[in-house]
**Student:** 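Can you read through this structure? Questions will come right after.
Position 1 is the first residue of the sequence; numbering continues from there. It should be emphasised that the depicted structure is a prediction, and the values quoted were computed from it without experimental measurement.
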Amino acid sequence: EWTRARLLYPDITGFPKSTPRYNDGRAFPGYWTMDYPRSDRHLLAGVRRLTRIDTRSVEQVVELDGTNEIYNWPAAYAVEVGHWQLGDEEARQLREYLLRGGFLMVDDFHGTQEWEIFVAGMSKVFPDRPIVDIPNNDPIFHTLYDIEERFQVPGALYFETGRTYEKDGFEAKWRGVYDDQGRIMVAICHNMDLGDAWEHSDEPRYKEKWASLAYRIAMNYFIYDLTH
């Protein structure tokens, strides 16, 4: 059975080495947990329905902990990477995972400041590989669905604000990091929140066109990973 792993990473609050807390005293579980596990399980149900991938019904949490566990999972997903803080060892293992054929999709981070924090982490992983915009004719947009039109997919904050953007992230960016054979290793969804779209796809207030694009992107990305 296939499943998409969710990456547990150290973040700017000091998690997991320290135990940050909310103002009311509750322990903060780390930025990696955003929308977990409801988003994951909605997504995996979509993979079973929309593809022929034999998909497990629950997610798998993986860490960059120096063990071999992460290498068992071909596709990993990380949210809120505008708050991650990779150490040298985590960056080294993530690089090894990707060069072995792993695939990382990052999502749900917004604006200039969070982009800079994400890039600081990626520069540790791949100091010699640029982040580039994915061209429209790249196979990743044409594996199962031909996705010619892509637009900003908002998070649940839309319910409160009516805005599709957060911070100064006004325009959705579809970017990636390629390997030496021209395969995307890291698929970057910046200024959008596909995770919320999967999570709230059964919410009547959430527009179908946003949920539909989020699911089609996911199906394309995962099939691309399995076939490239």
**Student:** Any donor-acceptor pair under 3.5 Å linking the side chain of Glu90 with the backbone of Gly87?
**Tutor:** yes
**Student:** When you measure from the side chain of Arg6 to the backbone N and O of Trp32, does any donor-acceptor pair fall under 3.5 Å?
**Tutor:** yes
**Student:** Which pairs, with at least one residue in residues 179-195 and sequence neighbours excluded, count as a salt bridge (Lys or Arg N to Asp or Glu O under 4.0 Å)?
**Tutor:** Arg129-Asp180, Arg183-Asp225
**Student:** Among all residues two or more places apart in sequence or in another chain, which pass the ring-ring contact (aromatic ring centres under 6.0 Å, His included) test with Tyr224?
**Tutor:**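 Once residues adjacent in sequence are excluded, the partners of Tyr224 under the ring-ring contact (aromatic ring centres under 6.0 Å, His included) criterion are His228.
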**Student:** Under the ring-ring contact (aromatic ring centres under 6.0 Å, His included) test, which residues partner Tyr165, sequence neighbours left out?
**Tutor:** Phe170
**Student:** Does the distance from a Lys or Arg side-chain N to an Asp or Glu carboxylate O, for Glu96 and Arg100, drop under 4.0 Å?
**Tutor:** yes
**Student:** Do Met219 and Leu43 have side chains that get closer than 4.5 Å, going by heavy atoms?
**Tutor:** yes
**Student:** I need the full list of ring pair (Phe, Tyr, Trp, His ring centres under 6.0 Å) pairs touching residues 38-75, with sequence neighbours left out, sorted by first then second residue.
**Tutor:**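 Passing the test, one end in residues 38-75: no pairs.
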**Student:** Tell me, please, which residues at least two apart from Arg41 pass side chain to side chain donor-acceptor pair (under 3.5 Å).
**Tutor:**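 Side chain to side chain donor-acceptor pair (under 3.5 Å) list for Arg41, sorted by chain: Glu59.
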**Student:** Please check: side-chain N/O of Thr13 versus main-chain N/O of Asp11, any donor-acceptor pairing under 3.5 Å?
**Tutor:**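 Answer holds: no.
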**Student:** Run the ring-ring contact (aromatic ring centres under 6.0 Å, His included) test against Tyr221 and tell me which residues pass, sequence neighbours left out.
**Tutor:** none
**Student:** Indicate the ring-plane relationship of Phe118 and Trp84, choosing parallel, tilted or perpendicular according to the 30° and 60° boundaries.
**Tutor:** parallel
**Student:** How far does CD1 of Ile117 sit from CE of Met122, to the nearest 0.5 angstrom?
**Tutor:** 15.0 Å
**Student:** May I ask you to check whether Tyr215 and Ser201 show a side-chain donor-acceptor distance below 3.5 Å?
**Tutor:** yes
**Student:** Going only through I, L, V, M, F, W and Y residues with side-chain contacts under 4.5 Å, is there a path from Val62 to Val58?
**Tutor:**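 No; tracing contacts between hydrophobic side chains, which count when under 4.5 Å, never links both residues.
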**Student:** What residues, two or more places apart in sequence or in another chain, satisfy ring-ring contact (aromatic ring centres under 6.0 Å, His included) together with Tyr145?
**Tutor:**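 Scan of Tyr145 (ring-ring contact (aromatic ring centres under 6.0 Å, His included), adjacent residues dropped) gives none.
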**Student:** Got a salt bridge between Lys173 and Glu171, using NZ or NE/NH1/NH2 to carboxylate O under 4.0 Å?
**Tutor:** yes
**Student:** Quick one: pull up CZ in Phe151 and CE in Met192 and give me the separation to the nearest 0.5 Å.
**Tutor:** 11.0 Å
**Student:** Using a 6.0 Å distance limit plus a 45 degree cone around the ring axis, check whether Arg4 lies over the aromatic ring of Tyr77.
**Tutor:** yes
**Student:** How would you list, by chain and number, every residue that makes a side chain to side chain donor-acceptor pair (under 3.5 Å) with Ser57, sequence neighbours excluded?
**Tutor:** none
**Student:** For the CD1 atom of Ile134 and the CD1 atom of Ile184, what is their distance to the nearest 0.5 Å?
**Tutor:**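 If we round to the nearest 0.5 Å, Ile134:CD1 and Ile184:CD1 are 4.0 Å apart.
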**Student:** Return each pair, listed once, that meets side-chain hydrogen bond (donor to acceptor under 3.5 Å, both in side chains) where at least one residue sits in residues 150-159; pairs must be two or more places apart or across chains.
**Tutor:**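 Pairs touching residues 150-159 that pass the test: Asn136-Arg150, Gln152-Thr164.
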**Student:** In Å and rounded to the nearest 0.5 Å, what is the CG to CZ distance from Leu99 to Arg95?
**Tutor:**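 If we round to the nearest 0.5 Å, Leu99:CG and Arg95:CZ are 7.5 Å apart.
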**Student:** Taking only residues at least two apart or on different chains, which pairs with a member in residues 114-124 satisfy side-chain hydrogen bond (donor to acceptor under 3.5 Å, both in side chains)?
**Tutor:** Glu114-Lys167
**Student:** Using only atom types and a distance under 3.5 Å, with no angle test, would you say the side chain of Ser39 pairs donor to acceptor with the backbone of Asp196?
**Tutor:** no
**Student:** So which pairs with a foot in residues 130-147 pass salt bridge (Lys or Arg N to Asp or Glu O under 4.0 Å), sequence neighbours left out?
**Tutor:**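 For residues 130-147: Asp133-Arg175.
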**Student:** Between His190 and Gly111, is there a donor-acceptor pair closer than 3.5 Å when you use the side chain of the first and the backbone of the second?
**Tutor:**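 Present.
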**Student:** Mind checking the CG-CD1 spacing from Leu104 to Ile188? Nearest 0.5 Å is all I need.
**Tutor:**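 If I round to the nearest 0.5 Å, the distance is 8.5 Å.
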**Student:** Which residue pairs pass the salt bridge (Lys or Arg N to Asp or Glu O under 4.0 Å) test when at least one of the two sits in residues 70-84, sequence neighbours left out?
**Tutor:**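 Pairs touching residues 70-84 that pass the test: none.
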**Student:** Nearest 0.5 Å please: distance from the CG atom of Asp54 over to the CZ atom of Arg56.
**Tutor:**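 Taking CG in Asp54 and CZ in Arg56, the distance rounds to 11.5 Å.
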